[in-house]
Amino acid sequence: MPDRLPISHPKNPIQINFYNRTYGLITLFLTALVLTLLLFSPPNKQEVVQALISSTQVQEYDAIVFGDEVPGIMTALKLRRQLPNGKIALITEGDISQGLGGHLVRGGLAYLDRNQVPRDIRQDSGLRRFASSSKLYDEFIQITGTQEIALDRFRADKAFRRALEQAQVKVIGNIQVQSVQTQGVKVQSFTTADQGIFTAKYFIDCTQGGKLAEMAGVRVYQGFEALGLPDSSLAIGLIFEIYGINLEQLRDIEDKMIDRFLDQNDIEAQRWLGIASGGSPGLRQQIISSFNSGNGIASIYQGTPDSADVRSSALGAAFHGMNGLVYDLRKAGAKLDRANVAILRDHLSLNSMLFYADGKTSRQLSFNGAKPTPEMLVFARKVQDFYRNLGAWDVKLMSELYIRSAGHIARSMDDLTATEMAGGGISNADALGTFTYHLDVRGGITGIGEMAARLGIDKLNIHLNMHTFNYGFRHTLPKERENLAVLSPASGFGGLGISAGRIVEFNISVGEGLAIAVAKAVQEKRSLHSITNKEVRQTFNYTPLVYGRRSPNYKSIKNIEILFKQEQERQSQESNQHRAKVKL
């Protein structure tokens, strides 16, 4: 059977809509016909699945990478090299006509969070501060032409398309998954609305929220459910680009705003500060304290030639004050935070616009194309006006949201928890590499402070230290399915671990080992569950530099996760008991 039916595809929107509807009706008719015939001699589940597959368009692969997030793209390229004769596809629900590369390209997240090698390790090893955590991440930096931090989304889009085409990895976008077919502990295929059925021996789910995995029957926690906080999630971002203001000009604008806020005779600035603080002396002092770095005004700090960090809340407080909003994410529902600034050739890309979302909302947005809501766009357009009034001739909003967390798999083969990270990660002998980052909970986790107080925890100290930890790939493997991996913030992080595990560089580096594991599974016809980190490491064509170590606040992190996990288990037991009573 050919990969695709020999039908010429229409070009204009009216023809495309007619084609999709007609094809969908034909598929439904054939499916209904098969089911009707099967009713007279009920077969087993496998026969039903095979009958359905034989009645419609089918594409078969050795491995399918689902989702076009950058870790998935790089993993697909690595997998192709491991399986030169294999049939590999990258299939996504994303609108790839708007760019290939998930939230880094369509979402415009140009400021790349990097592995930050500790100073003493740099001195002993000669590594750079932002030394890549894997060869695969080095490749990503090289093919996208990234200098250090700032990713050009247009260049990245072209580079990904070219690399995948050269590697002969088939790319299919704009699909809509309707169902996932499984048998026993394996995923067999998934059915789409208008492009038929896709089957594979192995699947890698690279979506931010683990959508394919959940549809395949994998238990996925909502929000921070692993900590007993299912309604809590990390803040959602909307990246924007400003044209007509360079970094020096932005620094000058902010410094002048700080001077105005510190001038008690500036009535207008004091009014903005009063509105932004919402009448709270504590919030007012917090905003003012951000203006001082200890060595004078906290001006924008440029850490690399292509990136900078806004250290004060001056611009955000001014914006909120001008628009009658409290400078508080939860109270206002949105916040213009201190920006991470990526410096591109003709514009600045700012990661500073935050939106509050609970666990359920984050998952819904992640599953529905990560499109900004109308309420978000109202706030965003005010931000556009604000920067235009500061001198920008254009302010562009990205088409997709930056969703930091949308849940994670509940049971992986080896969870990589925050405790594990703070303890230095997996053993040196098994490690595929080392990554250093802090537990970044930008925007905070709603309810975590209150629960900590209730559990007798005086100080959380979550953000206190950078954690330097060894990693493998087995936290990507859900226990429910032996031929499926989840490579994204939805991997098995056990709760707080997602705050570091969500970083793109980390997931690309994990993807290097995962690609080797999947290739071994294909070649040796094995379950992914049976493949160890040590086996994968032995396949590396280089010796990874491994230097994970225990963090000073390891015991504190461990205690927090133990107490929160116990609370989550208690809540789960109460919920199960309640459901049992309702049934009676």
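No experiment lies behind these values; they were computed from the predicted model shown. All values below were derived from every heavy atom in this structure, side-chain atoms included, with hydrogens, water molecules and symmetry-related copies excluded.
Contact detail for H408 and G494: the closest heavy-atom pair is CE1-N, 3.5 Å. Between V105 and A156, the shortest heavy-atom distance links the atoms CG2-CB, 4.2 Å. Between I175 and F66, the shortest heavy-atom contact is CD1-CE1, 4.0 Å. Shortest non-hydrogen contact noted between A515 and L79 is O-CD1, 3.4 Å. For the pair G407 and I498, the tightest heavy-atom approach, listed with the atom from each and the gap, is O-CD1, 4.2 Å. Taking both residues in full, the closest heavy atoms of A63 and V518 are given as CB-CG1, 4.2 Å, listed atom of the first, atom of the second, then distance.
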(Q) Set out, in order, the CA-CA distance, both residues' side-chain angles and the distance that settles salt bridge (charged side-chain N to carboxylate O under 4.0 Å, His left out) for E254 and R251, then state yes or no. (A) CA-CA 5 Å; E254 187 193 42; R251 181 185 286 117; over 6 Å; no
Q: Could you go through the side chain to side chain donor-acceptor pair (under 3.5 Å) check for S352 and D337 one step at a time?
A: CA-CA 5 Å; S352 65; D337 201 14; over 6 Å; no
Q | Stepwise side chain to side chain contact (heavy atoms under 4.5 Å, CB included) check, I288 with F261 | A | CA-CA 8 Å; I288 293 174; F261 277 131; over 6 Å; no
(Q) Between V510 and F435, does the side chain to side chain contact (heavy atoms under 4.5 Å, CB included) criterion hold? Intermediate values first, please. (A) CA-CA 10 Å; V510 171; F435 191 73; over 6 Å; no
**Q.** side chain to side chain contact (heavy atoms under 4.5 Å, CB included) evaluation trace for L416 with F506
**A.** CA-CA 12 Å; L416 184 58; F506 171 72; 3.6 Å; yes
Q. Between M421 and Y437, is a side chain to side chain contact (heavy atoms under 4.5 Å, CB included) present by the stated rule, with each step listed?
A. CA-CA 9 Å; M421 293 174 180; Y437 207 75; over 6 Å; no
**Q.** Intermediate values then yes/no, salt bridge (charged side-chain N to carboxylate O under 4.0 Å, His left out), K211 and E93
**A.** CA-CA 10 Å; K211 181 175 182 177; E93 293 186 314; 2.8 Å; yes
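F240 CZ to K396 NZ: the interatomic distance, rounded to the nearest 0.5 Å, is 14.5 Å. To the nearest 0.5 Å, the span separating OH on Y387 from CG on L315 amounts to 5.0 Å. From I204, atom CD1 reaches atom OG of S488 across 11.5 Å, with rounding to the nearest 0.5 Å. Taken to the nearest 0.5 Å, the CD atom of E148 stands 7.5 Å off from the OG atom of S307. Note: I64 CD1 to C206 SG = 12.0 Å, rounded to the nearest 0.5 Å. Distance check, rounded to the nearest 0.5 Å: CZ of R122 to CD of Q116 gives 9.0 Å.
Evaluated for a side chain to side chain donor-acceptor pair (under 3.5 Å) with R549, the options T434, N470, D120 yield exactly one hit, D120. Put simply, the residue from R388, R381, K382 that forms a salt bridge (charged side-chain N to carboxylate O under 4.0 Å, His left out) with D385 is R388.
Counted within 6.0 Å of NZ on K256, heavy atoms from surrounding residues, nucleotides or ligands total 12 or fewer; the atom is thus considered open. By the neighbour-count criterion of 12 heavy atoms within 6.0 Å, atom CD of Q168 is sparsely surrounded, having that number or fewer from other residues, nucleotides or ligands. Surrounding CD of Q142 are at most 12 heavy atoms belonging to other residues, nucleotides or ligands under 6.0 Å away.
A heavy-atom distance below 4.5 Å is not found between the side chains of S412 and L477. The closest side-chain heavy-atom distance from I239 to Y111 is not below 4.5 Å. The closest side-chain heavy-atom distance from L234 to F224 is below 4.5 Å. Contact check for T361 versus S233: no side-chain heavy atoms found under the 4.5 Å cut-off. With contacts defined as side-chain heavy-atom distances shorter than 4.5 Å, the pair I297/F291 does not qualify. The side-chain heavy atoms of M322 and N389, taken from C-beta on, include no pair separated by under 4.5 Å. The shortest side-chain heavy-atom distance between R363 and I403 does not fall under the 4.5 Å cut-off. F140 is listed as a side-chain neighbour of L104, based on a closest heavy-atom distance under 4.5 Å.
No side-chain N or O of S491 forms a donor-acceptor pair with one of T476 less than 3.5 Å apart. A donor-acceptor pair shorter than 3.5 Å can be found between the side chains of H103 and E69. Side chain to side chain, Y402 and N351 fail the donor-acceptor criterion of an N or O pair below 3.5 Å. Residues D68 and T92 have side chains that bring a donor and an acceptor to within less than 3.5 angstrom of each other.
Between the side chain of D205 and the backbone N or O of A213 there is at least one donor-acceptor pair closer than 3.5 Å. Between the side chain of D95 and the main chain of N174, no donor-acceptor pair closer than 3.5 Å is present. Panel note: side chain E420, backbone G423; no donor-acceptor pair is recorded below 3.5 Å. Side chain of R260 to main chain of D266: no donor-acceptor pair is present (N/O by atom type, distance under 3.5 Å, no hydrogens or angles). Checking side-chain atoms of N553 against main-chain N and O of S556 turns up no donor-acceptor pair under 3.5 Å. Of the possible donor and acceptor atoms, none in the side chain of S133 sits under 3.5 Å from a partner among the backbone N and O of S509. Using modelled atom types, no side-chain atom of R537 and backbone atom of D430 make a donor-acceptor pair closer than 3.5 Å. Between the side chain of D415 and the main chain of T417, no donor-acceptor pair closer than 3.5 Å is present. Between the side chain of R106 and the main chain of G99, a donor-acceptor pair closer than 3.5 Å is present. In this structure, the side chain of Q166 does not engage the main chain of A163 through any donor-acceptor pair within 3.5 Å.
You'll find the ring centres of F379 and F319 inside the 6.0 Å limit.
Legend: side chain to side chain donor-acceptor pair (under 3.5 Å) pairs involving residues 316-334, not counting sequence neighbours, sorted by first then second residue: R330-T446. A salt bridge (Lys or Arg N to Asp or Glu O under 4.0 Å) check over residues 157-167, counting only residues at least two apart or in different chains, returns the pairs D157-R161. Among residue pairs with one or both ends in residues 493-518, those qualifying as salt bridge (Lys or Arg N to Asp or Glu O under 4.0 Å) are R114-E505, D440-R502; sequence neighbours excluded.
Ring planes of Y542 and F540: parallel class, angle under 30° (limits at 30 and 60°).
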